[in-house]
Amino acid sequence: LAPEVMAATPGTMVNPVFIDYSINDIFAAGMLAHYMLTNGVEEAFVTHHPNYSAETYNHPPQGCPRPIADLVWAMINPSFVHRITAEEALTRVDNLIEQAEPNLVWE
């Protein structure tokens, strides 16, 4: 779960709490992408929630292209105000595909 979802405290019937899950899915997808980039041997953060931060982020391996590493970080940025939406992530992926070599064949 995204840090802001994990940090939410339950409300009561008198004082209900609205938990916004709208950008949780992009966080989860980013965590999966990071896991795949590291072959599953490295956690995205060296600490567990609630201490996710830029300082505790394990960057993808050096061989990872910078645009992909930047995309993954944008997806799992612990600050939800700086995290991209699914639509923004899709636009970035589309742009990466368009910039790929012209003879690249997707099957």
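If you read the sequence from its start, that first residue is 1, and numbering goes on from there.
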Would Ile68 and Trp73 count as a side-chain contact (heavy atoms from CB on, under 4.5 Å) if you check the C-alpha gap in whole Å, the side-chain angles of each, and the deciding distance to 0.1 Å?
CA-CA 9 Å; Ile68 293 174; Trp73 170 248; over 6 Å; no
Is any side-chain heavy atom of Phe45 closer than 4.5 Å to a side-chain heavy atom of Asn58?
no
Do Cys64 and His34 come within less than 4.5 Å of each other through their side chains, counting heavy atoms only?
no
For Glu43, does the CD atom sit with more than 12 other heavy atoms under 6.0 Å from it, leaving out its own atoms?
no
With a 3.5 Å distance limit and no angle check, can you tell me whether [X] reaches the backbone of [Y] through a side-chain donor-acceptor pair?
X     : Y     : result
Asn39 : Val41 : no
Arg83 : Ile76 : no
Gln99 : Leu96 : no

How far does [atom1] of [X] sit from [atom2] of [Y], to the nearest 0.5 angstrom?
X     : Y     : atom1 : atom2 : value
Ile84 : Thr91 : CD1   : OG1   : 9.0 Å
Met31 : Leu1  : CE    : CG    : 10.0 Å
Glu88 : Met75 : CD    : CE    : 11.5 Å

[X] and [Y]: which non-hydrogen atoms are nearest, and at how many Å?
X     : Y     : value
Ala86 : Ile26 : CA-CD1, 3.8 Å
Leu37 : Pro61 : O-CG, 3.5 Å
Asn24 : Ala2  : OD1-N, 2.6 Å
Asp70 : Arg92 : O-NH1, 3.7 Å
Ile23 : Glu4  : CG1-OE2, 3.7 Å
Pro60 : Ala69 : CG-CB, 4.0 Å

Taking a hydrophobic cluster as the set of Ile, Leu, Val, Met, Phe, Trp and Tyr residues connected by side-chain heavy atoms closer than 4.5 Å, whether directly or through intermediates, do Val72 and Met36 fall within one such cluster?
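No; tracing contacts between hydrophobic side chains, which count when under 4.5 Å, never links both residues.
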Side-chain heavy atoms nearer than 4.5 Å, only ILVMFWY residues, links allowed to pass through others: does that put Val17 and Val5 together?
yes
Ring pair (Phe, Tyr, Trp, His ring centres under 6.0 Å) with Phe27: which residues, sequence neighbours excluded?
none
Which residues share a side-chain hydrogen bond (donor to acceptor under 3.5 Å, both in side chains) with Ser22, sequence neighbours left out
Asp20
Pair Phe80-His82, ring-ring contact (aromatic ring centres under 6.0 Å, His included): steps then yes or no:
CA-CA 5 Å; Phe80 68 90; His82 294 111; 9.2 Å; no
